[in-house]
Q: 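Dumping the structure here so I can ask a few things about it.
Residue numbers begin at 1 in each chain, while the letters A, B, ... track the order of the sequences.
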Amino acid sequence: MGDVVARYKRARGYNVLHPMGWDAFGMPAENAAMQTGSHPAEWTYKNIEIMRGQLKRMGLAIDWSREFATCDPEYYVHEQRMFLEFLEKGFVERRRSFVNWDPVDQTVLANEQVIDGKGWRSGAPVERRELSQWFLKITDRADDLLEALDRLEGWPDNVRLMQKNWIGKSSGLKMTFRYVGEKPADADGLEIYTTRPDTLFGASFCAVSPDHPLAKAYAEKDEGAAAFIAECQAAGTSEEAIERAEKKGFRLPYEVAHPFVEGRRLPVFIANFILMHYGTGAIFGCPGHDQRDHDFAAKYGLDIIPVVLPAGEDARTFSVAEEPYVGPGSIFNSGFLDGMGVEDAKAEIIRRIEERGEGEGTTNYRLRDWGVSRQRYWGCPIPIVHCETCGVVPVLKDQLPVTLPGEADFSEPGNPLDRHPTWKHVNCPACGRPALRETDTFDTFIDSSWYFARFASAPEDRPTDPETADYWLPVDQYIGGVEHAILHLLYARYYSRNMKECGWLSVDEPFANLFTQGMVVHATYRDETAGEWLFPEDVKLDGETATRRDTGAPVTVGAIEKMSKSKKNVVAPEEIAEAYGADAARWFMLSDSPPERDVEWTAAGVEGAWRLVGRIWDAADAGRDALKAVDLAKAPETDGPALDLRRAVHGAVAGVTDDIEHFRFNKAIARLYELVTAVRKFETSDDAGAFARAEALSVLTRLIAPFTPHLAEECWEAIGGEGLVCDAPWPEADKALLQKDVILLPLQVNGKTRSQLEAPADADKDAIEKLALADPAVARFAEGKTIRKVIVVPGRIVNVVAS
RNA sequence: GCGGGCGUGGCGAAAUUGGUAGACGCAAGGGACUUAAAAUCCCUCGGCCGCAAGGCCUUGCCGGUUCGAGCCCGGCCGCCCGCACCA
């Protein structure tokens, strides 16, 4: 799709930058190293070599002079430099945090790599571990990232909505409940966060996360609490496990006072359903109006007090004993709040708590800071040294890049950088004494968060030349899968803001227009008895049945899925190009489905595209040197078939242009099929006919060029075009030829189409009405009825209403 | 559970956003050419009735608004995606 757009825009006279590069760090290379013994770098560059060849073979019009891989030290040196700049500016922080830890592979796993609570590679149950990690403080920009979404008009709504939900802004109240009686050390009160301050009078307990400092401190002197916390931490972190987990708590020996109800004391629990990383890691529970709190209260016999009354309910009979009520209503059982609506009550509580100095209204975000430390080899080294005397010390900028050691041991799990015999031993940049390098590497999402800027401008000595980068950025058209909707696209937006503050860019938003395209998918084939997946080329399809080519054994045709090596539902680009040519493959992929949807790769489908390539070539071949015989700038008077062809040609120009502009490639292709048919059927051979035919061939060749560039060049040469078609200007539609003198109007009687009216294109309503009433179909279907009304929509339809 | 999207022939899909439903392609069937096959070309192709002209029905289901609904509104059913103990 990107290639079609690039070629089309170039033909329209734009200065087009269409680059390509490789996001090349990451686990797959390291896994391959563990499995095959080859070095990640060797494996990666070899694959790049292969993929570059495949892309070139598909005829992608790419500026290869700008190519790079993110694992090139010439690229990541700038990443290290920017990290140090971010550190200086306070965009980065080192702190302890919980991670998913795979005890077998001995590495941190991303959430996406934890499947049903187990490591995706090792299958071992994942543990929660607290480690010191580097964080990019994306939450500092949460509000800006959220606000700016509204202005990203070139982005699909669903992606913007997903980011909005991911950032998850909520407004509520942060407040402190005072302890009564026994108190934990160094605290007078417990700070909680709530989005439902209106239900404060329904509070019957407080609870903290197992990771909350209060819980941890108490666990140090109480084995029961320690055991409870350990149990919570051992519980699966998968979504499924979380959903099924029973609400459980551990009663602490503390109580807090209700701020507005004299004498009401709330017990304090450690509870397994409280998240430390949201709000303050502590809540008040209102069982009457929250499902989780209700479950918890039912289990521990706590009060369930209704305080929100739904419209139409009677306060004397309304009960939340069985089910909590979470909807809107009016407040009751709540002293000074009684009678208020939910929103007014929220504002009133916040006002009073603020007045008493016990808390404040705040906004909260679901978004968490971006942990970027990975205990892996194949990533960009974090340019930091840990010194016993000086602490955390940045590597001096003139000593960058910190490169990966060429030799490393991949034979066992864990971080090869950490166990490398010499690599981590360096002298402290500050005091010069022996110190240790940071052995973590960056999350690979950092690599992909700024590559577009490097494509635009790639000086050797700094990340970008800002002026050059500004000429190109923001990216006019970004194309990618919807799977990037949150992570990559959010990180890149954030990173651009950081880069802007460091002076490397002047845009906040890196991608002006975003299109989320579908994937090429393929049916899966499996030999159930042998228990193995089969490549499509090893399967013989005959109507409903499928068999193995080698043994003839029956084959089960499975789901149509994203192509993956493990299920072997892949087709090698080389083989496609060999069998059908790159153009047929390009044409088919674009023709079969709307571009945002997946396209199923089928042999029959490519064959259809292949036939079309042949038909176009036949037409060009039959029109050899047609352009040399006429002057396209001097259109003769035409009528009859020649005029019809010219109209079809100019209609196609207008239609295809509009379709490409709006990413409707499948429709553009449908139009091109029609144009090909029109050209092939055209037979007139007089002067006007020769002109119309030459014009049609010239236009057709230029219109197909973005889709089938190789074919287009051959056709261009055959019909006698000057130079290369890729240098020829995009055709312009002649507006006069888009208008018709006579149009066909559907004629309805009582809303059902009964006939067609042939009317002058410029006929007014009265004239059309007269024509309609004279039509025999009206006489027939309105027979015995009175004509009540005639609705004329010029250029569209006529409807005669009779009853 | 919350949020979003989508349901149209045997299949992939169109429908100028309220105006002839099924463009275009795939598959299938029939025919021409050929000794034969491939390729190519022509025809048919949502369902029912009819020799035909033509008629009736049809966009997941039920109802509504409208001269007119695949499109708008209400209620169901089904599928897909995102988030998910977020207080």
Q: Please give the nucleotide sitting opposite B/C72 as a Watson-Crick or G-U wobble pair, both distances under 3.5 Å, or none.
A: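 B/G64 - that is the nucleotide pairing with B/C72, both distances being under 3.5 Å.
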Q: Could A/Asp157 and A/Arg160 be called an ion pair, given the rule that one side-chain N must be under 4.0 Å from one carboxylate O?
A: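 A salt bridge links A/Asp157 with A/Arg160.
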Q: Report the residues that fulfil side chain to side chain contact (heavy atoms under 4.5 Å, CB included) with A/Lys248, sequence neighbours left out, ordered by chain and then residue number.
A: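 So A/Lys248 forms a side chain to side chain contact (heavy atoms under 4.5 Å, CB included) with A/Phe228, A/Glu231, A/Glu246, A/Asn272, A/Lys299, A/Tyr300.
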Q: Who does B/A27 pair with, Watson-Crick or G-U, both distances under 3.5 Å?
A: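 Result: none.
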Q: Quote, to the nearest angstrom, the P distance that separates B/C43 from B/A23.
A: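 Looking at atom P only, B/C43 and B/A23 are 14 Å apart.
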Q: Would you say A/Arg680 reaches B/C41's phosphate, i.e. side-chain N/O to OP1/OP2 under 4.0 Å?
A: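 Yes, within the criterion.
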Q: For A/Asn272 and B/A87, give me the distance from atom CG to atom P, rounded to whole Å.
A: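 Value for this atom pair: 17 Å.
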Q: Could you check if the base of B/G9 is syn or anti? Syn means the glycosidic torsion is within 90 degrees of 0.
A: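 It is syn.
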Q: CG of A/Leu161 versus P of B/C83: gap in Å, rounded?
A: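 Roughly 12 Å, once rounded to whole Å.
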Q: Please state the P separation for the pair B/C6 and B/C73 - nearest whole angstrom.
A: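 Per the computed distance, 11 Å lies between those P atoms.
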Q: Can you find a donor-acceptor pair, distance only, under 3.5 Å between A/Lys247 side chain and B/C85 base?
A: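 It does, because a donor-acceptor pair links the side chain of A/Lys247 to the base of B/C85 below 3.5 Å.
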Q: For A/Asp369 and A/Thr139, indicate whether the former's side chain and the latter's backbone hold a donor-acceptor pair under 3.5 Å.
A: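 Between the backbone of A/Thr139 and the side chain of A/Asp369 there is a qualifying donor-acceptor contact (under 3.5 Å).
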Q: Give a yes or no on whether a donor-acceptor pair under 3.5 Å exists between the nucleobase atoms of B/U20, that is its base, and the side chain of A/Gln748.
A: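 Donor-acceptor pair under 3.5 Å: no.
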Q: Do the side chain of A/Ser593 and the main chain of A/Val599 share a donor and acceptor less than 3.5 angstrom apart?
A: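 No; zero donor-acceptor contacts below 3.5 Å.
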Q: Once you round it to whole Å, what is the distance between C1' of B/C26 and CH2 of A/Trp601?
A: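 In whole Å, B/C26 C1' and A/Trp601 CH2 are 14 Å from each other.
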Q: Which residues pass the side chain to side chain contact (heavy atoms under 4.5 Å, CB included) test with A/Asn666, not counting sequence neighbours?
A: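 Scan of A/Asn666 (side chain to side chain contact (heavy atoms under 4.5 Å, CB included), adjacent residues dropped) gives A/Pro594, A/Pro595, A/Arg664.
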Q: Rounding to the closest angstrom, what is the interatomic distance between B/C45 and B/G63 at atom C1'?
A: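 Result for the C1' pair: 34 Å, nearest Å.
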Q: A/Ala604 side chain: which of B/A87, B/A27, B/U20 is closest?
A: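 Nearest to the side-chain atoms of A/Ala604, counting from C-beta on, is B/A27.
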Q: When you measure from the side chain of A/Gln163 to the backbone of A/Ala485, do you find a donor-acceptor pair of N or O atoms at a distance under 3.5 Å?
A: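 Such a contact is found between A/Gln163 side chain and A/Ala485 backbone.
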Q: Would you indicate which nucleotide in B/A87, B/C83, B/A14 comes nearest to any side-chain atom of A/Arg366?
A: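 Ranking B/A87, B/C83, B/A14 by closest atom to the A/Arg366 side chain puts B/C83 first.
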Q: Go through the structure and list residues passing side chain to side chain contact (heavy atoms under 4.5 Å, CB included) with A/Asp764, not counting sequence neighbours.
A: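 By the side chain to side chain contact (heavy atoms under 4.5 Å, CB included) rule, A/Asp764 matches A/Asp766, A/Ala767.
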Q: Report the base-pairing partner of B/U17 (Watson-Crick or G-U wobble, both distances below 3.5 angstrom), or none.
A: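 B/U17 is paired with nothing.
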Q: If only atom types and distance count, is the side chain of A/Arg366 paired as donor or acceptor with the main-chain N or O of A/Lys169 below 3.5 Å?
A: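 Not confirmed, A/Arg366 side chain does not pair with A/Lys169 backbone.
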Q: Take the protein atom CZ of A/Phe269 and the nucleotide atom C1' of B/A87, then report the distance between them rounded to whole Å.
A: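 Roughly 16 Å, once rounded to whole Å.
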Q: My understanding is that a pair needs two contacts under 3.5 Å, Watson-Crick or G-U wobble. By that rule, which nucleotide pairs with B/C83?
A: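 Base partner found: B/G1.
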Q: For RNA chain B, determine which residues of residues 584-596 of chain A have any heavy atom closer than 4.0 angstrom to one of its atoms, and list them numerically.
A: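 Close to the strand are A/Asp592, A/Ser593, A/Pro594.
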Q: Using purine N1 to pyrimidine N3 plus N6-O4 or O6-N4 for Watson-Crick, or N1-O2 and O6-N3 for G-U wobble, each under 3.5 Å, what pairs with B/U34?
A: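 No nucleotide pairs with B/U34.
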Q: Please report the distance separating the P of B/G46 from the corresponding atom of B/G10, rounded so that it comes out in whole Å.
A: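 It comes out at 10 Å once rounded to the nearest Å.
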Q: Where the side chain of A/Tyr193 is defined as all heavy atoms beyond and including C-beta, which of B/C67, B/A87, B/A14 is the nearest nucleotide?
A: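 My answer, after comparing the listed nucleotides, is B/A87.
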Q: Check salt bridge (Lys or Arg N to Asp or Glu O under 4.0 Å) between A/Glu758 and all other residues, then give those that pass, not counting sequence neighbours.
A: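 None.
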Q: Quote, to the nearest angstrom, the P distance that separates B/A36 from B/G47.
A: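 33 Å, rounded to whole Å.
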Q: Checking contacts here: which listed nucleotide (B/C83, B/C42, B/C24) is nearest the side-chain heavy atoms of A/Ala670?
A: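 Nearest to the side chain of A/Ala670 among the choices is B/C24.
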Q: Nearest to the side chain of A/Arg796, which nucleotide is it out of B/U17, B/C67, B/A87?
A: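 Selected nucleotide (nearest to the side chain): B/U17.
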Q: Taking the C1' atom of each, how far is B/U58 from B/G70, in whole Å?
A: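 Pairwise C1' distance, B/U58 against B/G70, rounds to 11 Å.
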Q: Does the protein touch nucleotides 54-59 of chain B at the base, only the backbone, or not at all? Give it as B, S and - per nucleotide, heavy atoms under 4.0 Å.
A: SSSS--
Q: Is a donor on one side and an acceptor on the other found under 3.5 Å between the side chain of A/Asn569 and the backbone of A/Glu561?
A: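 The answer is yes, because a donor-acceptor pair under 3.5 Å joins these two groups.
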Q: When both hydrogen-bonding distances must be under 3.5 Å and the geometry is Watson-Crick or G-U wobble, what is B/G7 paired with, if anything?
A: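 Its partner is B/C77 (Watson-Crick or G-U wobble, both distances under 3.5 Å).
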Q: What distance, rounded to whole Å, do you find between the two P atoms, one in B/C80 and one in B/U8?
A: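 It comes out at 14 Å once rounded to the nearest Å.
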Q: Give the rounded distance in Å between these two atoms: CZ of A/Arg611 and C1' of B/C26.
A: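 It works out to 8 Å between those atoms.
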Q: Can you tell me whether the base of B/U65 sits syn or anti, using the 90° cut around 0 to define syn?
A: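 B/U65: anti.
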Q: For A/Val326, does its backbone N or O pair with a side-chain atom of A/His289 as donor and acceptor, under 3.5 Å?
A: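 No: the side chain of A/His289 does not pair with the backbone of A/Val326.
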Q: In terms of side-chain geometry, is the basic nitrogen of A/Arg671 or A/Glu674 positioned less than 4.0 Å from the acidic oxygen of its partner?
A: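 No.
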Q: Taking atom C1' in both B/C79 and B/C26, what distance in whole Å separates the two?
A: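 The same atom, C1', in both gives a distance of 24 Å.
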